[in-house]
Visitor: 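Okay, here's the structure, questions in a sec.
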Amino acid sequence: MKTLTPLSSFSGVRPVVTIVMDGVGLAPESEANAVRLARTPNLDRLMANYPWVKLKAHGTAVGLPTDDDMGNSEVGHNALGSGQVFAQGAKLVSASIESGKMFASDAWAALTGGVKESGGALHFLGLFSDGNVHSHIDHLKAMIVRAKADGVGKVRVHILLDGRDVGETSALDYVDPFEEFLAGLRDASFDVKIASGGGRMKITMDRYEANWAMVALGWKTHVLGEGRQFPSAREAIVTLRDETHAIDQDLDPFVIAEDGKPVGTVEDGDSVVFYNFRGDRAIEISKAFEGGADFDKFDRVRVPKIVYSGMLEYDGDTHVPSRYLVAPPEITNTMGEYLADMKIRQFAISETQKYGHVTYFWNGNRSGKFSEEYETYEEIPSDIVPFEQRPWMKCAEITDRLIEVISSGKYDYIRANFPNGDMVGHTGSLEATICAMEALDLQIGRLLPVIDRAGGVLLLTADHGNADEMAEFDKKTGAVKRNKDGSLKAKTSHTLNPVPCIFYDNVTADRYTVKKDGSFGLSDVAATVVNLLGYEAPSMWDESMIEIR
């Protein structure tokens, strides 16, 4: 039972509302800053007239290995919801590889031992880049090297092209040196090849069950070896780019074949490692590999008898997958648990694309609720269309429900995520992202008077940057990079920029002071929230951004 101690001098305010503007960072005005280019009168008014602070949202401030690592929604919401910074996936995996702990695990022994006994192939499937958000290519390389050292004779690699956490057309920057790396390992006793691939937003890496057809197409490509054939990954990428003009994340699937036969279908006796360390886009493909006869999401045609492992346990409550190489971070003492135990009524909402962020990730990678009685979660189904074609997404529908919920008086703490800045920002379309920001601003304008009427307070923040930097910049000169035709060289990844945290409070603002001289991060939001609710923050949490007068 978690308990909070009431503040002696402040009884708190209800409701406290936290809105996460996903992917909306703070950056200087530029021709690539969709946040600043958009017409956002409500956001501008808030930043001009209400106290706000900058929050660190990347690197070590959210548990990533270095401050060169961009933040992401998953670690961001972990920090927001837990009030603490935990070592995250990339750091855990790197440490496990360096110490040799991964290769001493029962999971690794099962993966390698099975194929050595059967003569089958060890397959590695995952996001193919060094973006360090879902995966890192160095982890893949280390496992392949170790597989050879451990006597595995056949390895196949299935590459999901990124173009989202790294440059949008950077795939060959990874494929070409990787092919050289494989050539250096390949010999008479070690057969290693790339077997299949495709864009991460086209196949395999769906999340929150938004589009199982992506996973079905991935299964068909990686497992069954069905699809358009090419002699090499390079030729596949070059050809598909020329034909479709798609960026890497949207490239069609491909199968590598020799003499008309796929080089790497998944067969009985094989082993498969899904080497992404981040959970959201790893759960569905894991369920497909491990699902029994009752699996009904799509027709798998055939289900090979294999040893399957994830890099981490992607869902600790449902134990997906059943076998994993590295133990995930144990995130404890989260805000949601404290509030539920204190019988503080909570409401969480987003559309499908970010619903898991205000629930699963917010609660420390925990599925389900801490309390059925005191928590309500609501998911607005996302449209299955390219985000640049409908950049407003479901922000109006989310706001409709927030207005009802805030006005009802039923809830003490309300949290929401608006995905627009991130999901549209990832498309690389500056125009669409400007539209996304303007749509979001309209919804903020609708919410402010509702919060006033309810006598509440709003913390308006973000989880990382994205829409604030929609083009690549030259690191030496600071100039925007351009394509040959003079257009901006689109950037689809997150940024290293801080994010705002704005205090909109027309009721109790005279009862506390927003600290201006602190060095704050996303993990400081939780303590701030419970202070506003009238409680002292737990001792293990990071500091509050306010001081009660």
Side-chain angles (χ1 to χ4, degrees), residues 22-28 30 32-33 54-80 84-99 126-142 161-171 173-174 177-178 200 248-249 275-278 311-312 326 329 421-422 425-426 428 462-481 489-500 519-524 542:
D22 211 295
V24 178
L26 295 167
S30 76
N33 187 340
K54 292 181 179 180
L55 301 181
K56 297 176 183 176
H58 76 286
T60 56
V62 288
L64 298 173
T66 76
D67 285 335
D68 291 327
D69 295 315
M70 67 186 80
N72 62 69
S73 296
E74 290 64 41
V75 299
H77 284 75
N78 281 166
L80 286 165
Q84 306 155 79
V85 178
F86 291 86
Q88 291 290 340
K91 194 171 185 177
L92 291 171
V93 173
S94 295
S96 184
I97 289 172
E98 290 168 8
S99 68
L127 188 63
F128 191 70
S129 78
D130 58 2
N132 220 30
V133 174
H134 290 266
S135 66
H136 199 295
I137 195 171
D138 286 351
H139 299 159
L140 170 62
K141 289 180 177 179
L161 306 179
D162 196 341
R164 191 175 178 94
D165 300 325
V166 295
E168 62 178 4
T169 54
S170 60
D173 295 338
Y174 300 99
F178 188 73
R200 59 178 282 180
D248 294 344
Q249 63 180 328
Y275 63 83
N276 285 17
F277 47 73
R278 190 170 114 182
M311 183 65 88
L312 275 76
V326 180
D422 187 47
H426 277 311
D463 54 347
H464 56 77
N466 187 335
D468 44 294
E469 209 170 278
M470 294 294 298
E472 300 285 350
F473 284 80
D474 187 292
K475 292 182 179 180
K476 292 183 179 180
T477 66
V480 177
K481 292 183 179 180
K489 183 172 179 57
K491 178 177 181 176
T492 56
S493 64
H494 297 168
T495 73
L496 300 178
N497 296 322
V499 300
S519 178
F520 297 112
L522 296 178
S523 58
D524 295 299
D542 291 337

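Both backbone and side-chain heavy atoms feed into the values below; hydrogens, waters and symmetry mates do not. In what follows, residues are counted from 1 in the order of the sequence shown. Model, not experiment: these values are computed from the prediction.
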Visitor: Closer than 3.5 angstrom, by distance alone: can the side chain of Y275 be matched with the main-chain N or O of G126 as a donor-acceptor pair?
Guide: yes
Visitor: With sequence neighbours left out, write down each residue that passes side-chain contact (heavy atoms from CB on, under 4.5 Å) with T495, or none if nothing qualifies.
Guide: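 Residues passing side-chain contact (heavy atoms from CB on, under 4.5 Å) with T495: D468, E469, K491, N497.
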Visitor: To check you understand the geometry: which heavy-atom pair defines the closest contact between V24 and P500, and what is its length?
Guide: O-CD, 3.7 Å
Visitor: Please give me the minimum heavy-atom distance between A142 and I97, naming the atom from each residue.
Guide: CB-CG2, 3.8 Å
Visitor: Taking atom NZ as the centre, does K54 end up with more than 12 heavy-atom neighbours from other residues, nucleotides or ligands that are less than 6.0 angstrom away?
Guide: no
Visitor: How long is the gap from CG on L140 to CD1 on I137, to the nearest 0.5 Å?
Guide: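 So the CG of L140 and the CD1 of I137 are separated by 6.0 Å.
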Visitor: For D463, which residues count as a salt bridge (Lys or Arg N to Asp or Glu O under 4.0 Å) partner, sequence neighbours excluded?
Guide: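 D463 satisfies salt bridge (Lys or Arg N to Asp or Glu O under 4.0 Å) with no other residue.
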Visitor: Indicate yes or no: at least one non-hydrogen side-chain atom of T169 is less than 4.5 angstrom from one of K489.
Guide: yes
Visitor: For the pair H136 and V93, evaluate side chain to side chain contact (heavy atoms under 4.5 Å, CB included) and give the outcome as yes or no after the intermediate values.
Guide: CA-CA 10 Å; H136 199 295; V93 173; over 6 Å; no
Visitor: Nearest 0.5 Å, what's the CG-CG distance between N72 and N78?
Guide: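 Here the interatomic distance stands at 8.5 Å.
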Visitor: Quick one: closest heavy-atom pair of S135 and F128, and the distance?
Guide: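 Minimum heavy-atom separation between S135 and F128: OG-N, 4.5 Å.
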Visitor: Between R200 and N276, does the side chain to side chain contact (heavy atoms under 4.5 Å, CB included) criterion hold? Intermediate values first, please.
Guide: CA-CA 12 Å; R200 59 178 282 180; N276 285 17; over 6 Å; no
Visitor: Search all heavy atoms of S94 against all heavy atoms of H139 and return the closest pair with its distance.
Guide: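 Distance-wise, the nearest heavy atoms are OG-NE2, 3.0 Å.
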Visitor: Please find the pair of heavy atoms, one from V499 and one from A57, that lie closest to each other, and give the distance.
Guide: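 Looking at all heavy atoms of both residues, the shortest contact is CG1-CB, 4.1 Å.
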Visitor: Under 3.5 Å, side chain of D67 to main-chain N/O of T60, donor-acceptor pair present?
Guide: yes
Visitor: Kindly say whether T492 contributes a backbone atom to a donor-acceptor pair with the side chain of Q249 at under 3.5 angstrom?
Guide: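 No, Q249 side chain to T492 backbone: no donor-acceptor pair under 3.5 Å.
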Visitor: With a 4.5 Å heavy-atom cut-off, do L312 and P329 have their side chains touching?
Guide: yes
Visitor: Should the ring pair H464 and H494 be called parallel, tilted or perpendicular, given that the plane angle runs from 0 to 90° and is split at 30 and 60?
Guide: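 Geometry flag for H494 against H464: parallel rings.
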Visitor: Just verifying a value: how many Å separate L80 CG and L522 CG, rounded to the nearest 0.5 Å?
Guide: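 It comes to 4.5 Å.
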Visitor: Can you check whether L64 reaches V75 side chain to side chain, under 4.5 Å on heavy atoms?
Guide: yes
Visitor: Could you report the tightest heavy-atom contact between G425 and M470, atom names first, then the distance?
Guide: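 Taking G425 first and M470 second, the nearest heavy atoms are O-CE, 3.4 Å.
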Visitor: Carefully, step by step, assess D138 and D130 under the rule side chain to side chain contact (heavy atoms under 4.5 Å, CB included).
Guide: CA-CA 7 Å; D138 286 351; D130 58 2; over 6 Å; no
Visitor: What salt bridge (Lys or Arg N to Asp or Glu O under 4.0 Å) pairs are there with at least one residue in residues 71-80, not counting sequence neighbours?
Guide: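 For residues 71-80, and leaving out neighbouring residues, the salt bridge (Lys or Arg N to Asp or Glu O under 4.0 Å) pairs sorted by first residue read E74-R207, E74-R278.
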Visitor: Between the side chain of D162 and the main-chain N/O of L127, is any donor-acceptor distance below 3.5 Å?
Guide: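 Not at all, since once roles are kept as given, no pair shorter than 3.5 Å links the two residues.
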Visitor: Report yes if some heavy atom in the side chain of V326 is under 4.5 Å from a heavy atom in the side chain of F277; otherwise report no.
Guide: no
Visitor: Please check this pair: side chain of D248 against backbone of A171, looking for a donor-acceptor N/O pair closer than 3.5 Å.
Guide: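 Between the backbone of A171 and the side chain of D248 there is a qualifying donor-acceptor contact (under 3.5 Å).
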Visitor: Hey, does the side chain of H77 reach the backbone of S73 with a donor-acceptor pair shorter than 3.5 angstrom?
Guide: yes
